[in-house]
2 protein chains.
Amino acid sequence: MPVDLPPHTDADGPALPAGPAFSPLYQQIKALLLKSLQGGEWKPGEAIPSELELAGRFKVSQGTVRKAIDELATENLLVRRQGKGTFVATHAEEQIQYRFLRLAPDEGPSTGMERHFLDCRRMRAPADVARALALKAGEQALLVRRTLWRNQAPVVLDEIWLPAALFKGLTADRLAQYAGPMYGLFETEFDVRMIRAEEKIRAVAADAATAELLQVAQGSPLLSVERLSHTYGDKPVELRRGLYNTISHYYRNELS
Amino acid sequence: MPVDLPPHTDADGPALPAGPAFSPLYQQIKALLLKSLQGGEWKPGEAIPSELELAGRFKVSQGTVRKAIDELATENLLVRRQGKGTFVATHAEEQIQYRFLRLAPDEGPSTGMERHFLDCRRMRAPADVARALALKAGEQALLVRRTLWRNQAPVVLDEIWLPAALFKGLTADRLAQYAGPMYGLFETEFDVRMIRAEEKIRAVAADAATAELLQVAQGSPLLSVERLSHTYGDKPVELRRGLYNTISHYYRNELS
DNA sequence: TAGTGGTCTAGACCACACA
DNA sequence: GTGTGGTCTAGACCACTAC
């Protein structure tokens, strides 16, 4: 690539205002790797080619490939394992903890929670959901509802909105049968990889229906967690509205 | 340093189980830089010596210093500025936004908020506060209470607990006079730098006193944000209990 | 023993800020 | 122009994993 694509600012005509800046070689390599990931050349959990091989393929030094991979690794798209190789990140084998779940119990270990699926319906996406998921007007969406339990008590009620076009054949049964994180099933069965998400968190009062499902009094304060998840290319593919009972759990966050 | 401190695993006796592992040179350099930061050799906002100079001082290559600085920069302890130098991170000149405040308004720009200080009292630390701040039994603490306002309405009520020994002379007046982030004042006036924090978030119901201060109905759901902030060496130096009215604001978070 | 990622070096050159 | 961080290279060697 360095032969065809000099790392300098695009040499062309008189200087444009707010020009194209400057793209380091390793950023170009990173973009190429990203394209391969997006194109499915390497699947989640698989190893990508070795640094030396990639360096040969792209005609750059190993150090340059390294820097590209470094950035993808800090973004959690790749995982390096010394002596073994570099692997595509996956939600399907997060042994310890669900990667995106920030809920921790006040006491005891942060073990997995029991999942109960309530229903999985196909319907026209409401306006706000359609907007968040960038669906065309009237496009179909799936609504999955489920609860998460710990110690025989419900803690979380999730409403999960998905573009129906991407998840053909998804049913509550299929969800219930799959062991492991939901995002793992999305990867292996529907080829949808969750890369990044934004959450908006508020405190709300439980309505009657929610109160019953979470076994709390109506009006009880609940944590409302609205998550918008994205795949490659920052494409939104899931809108998840969670209500958490934070009597014996809390949402943890790190600031730096 | 590489002369006196070979980067190999500590050569000593028969292999211990779970041995001391192995410390790369750049990690040792990083530790030395950290010590200088902690010791106040370079103050927040100041430039540290150039990479070349540090390389000379430590007798390592520029690349090794670079990697050490890289890590400190991604941890937000240092800030690199091309062409100018590398600077010690500071809360005192965060022009855009308070670094640790994750509260955003539903609409409009995330501008600064108006601060009203209610009081600043010195007292014996309650047991839970003492435990969190690692204070000795009966050691004195400061309790600062304040509200944050936007658009002539109160949004946040903070209870801020500080070790009295570190903040001699802190008063509500002094806080009110200082323009800019509170952590900026802590840096310049008390030489306490906030590096990292953990937050535990829950939904709670407003009690009578809180309801009045935040101008909401008693029992209204509020976001409870308990923040434990640390300086160098992971020493806890602030326990902050915030209650946020999330009617027109939300707590934002990024997952990856 | 071979292959992979991880560390370290030395040197050349580029982009940016500032005087 | 000088000094700073940023990029890129080529090569040596180390640590970990697997066979």
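We use all heavy atoms of the structure for the numbers below, so side chains are in, but hydrogens, waters and symmetry mates are not. All chains are named by letter (A, B, ...) in the order of the sequence lines, taking the proteins before the strands, and each is independently numbered beginning at 1.
- Distances shorter than 4.0 Å separate some side-chain N or O of A:Arg66 from OP1 or OP2 on C:dG6.
- Ion pairing between a basic and an acidic side chain is recognised when a charged N comes within 4.0 Å of a carboxylate O; A:Glu53 and A:Arg57 show such pairing.
- For DNA chain C, each stem of at least three Watson-Crick or G-U pairs (distances under 3.5 Å) is given as range with range: C:1-18 with D:1-18.
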Within the sub-3.5 Å range, which N or O atoms of nucleotides 10-13 of chain D have a protein N or O partner, and how far apart are they?
none

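- Per the geometry, CD belonging to B:Gln27 stands 8 Å off P belonging to C:dT7, to the nearest Å.
- Ring geometry for B:Phe186 versus B:Phe190: interplanar angle over 60°, hence perpendicular rather than tilted (30 to 60°).
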Polar atom pairs between nucleotides 1-4 of chain D and protein, under 3.5 Å, N or O only, would you list them?
from	atom 1	to	atom 2	distance (Å)
D:dG3	N2	B:Gly83	O	2.9
D:dT4	O2	B:Gly83	N	3.3

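- The side chain of A:Arg80 lies closest to C:dG6, out of C:dG6, D:dT9, C:dT7.
- The CZ atom of B:Arg227 sits 10.0 Å away from atom CG of A:Asn253, with the distance rounded to the nearest 0.5 Å.
- Between A:Glu254 and A:Arg252 there is no salt bridge, since no side-chain nitrogen of the basic residue lies less than 4.0 Å from a carboxylate oxygen of the acidic one.
- Relative ring orientation between A:His116 and A:Trp149 is described as tilted, the plane-to-plane angle lying within the 30° to 60° band.
- Separating the NZ atom of A:Lys67 from the P atom of C:dG6 is a distance of 15 Å, rounded to the nearest angstrom.
- In this structure, A:Leu54 atom CG and C:dG5 atom P are separated by 8 Å, rounded to whole Å.
- Rounded to whole angstrom, the span from the CD atom of A:Gln28 across to the P atom of D:dG6 amounts to 18 Å.
- Between A:Lys67 and B:Asp70 no salt bridge is recorded (no basic side-chain N to carboxylate O distance below 4.0 Å).
- Nearest to the side chain of B:Tyr26, among C:dT7, D:dT9, C:dA15, sits C:dT7.
- The distance between atom CD1 of A:Ile69 and atom P of C:dT4, rounded to the nearest whole Å, is 12 Å.
- Summarising the geometry of A:Pro236 relative to A:Leu228, their closest heavy-atom pair is CB-CD1, 4.0 Å, with the distance given to 0.1 Å.
- If you take NZ of A:Lys59 and C1' of D:dT9, they are 16 Å apart, rounded to a whole angstrom.
- Checking A:Tyr251 against A:Glu199 by side-chain atom types alone, a donor-acceptor pair falls below 3.5 Å.
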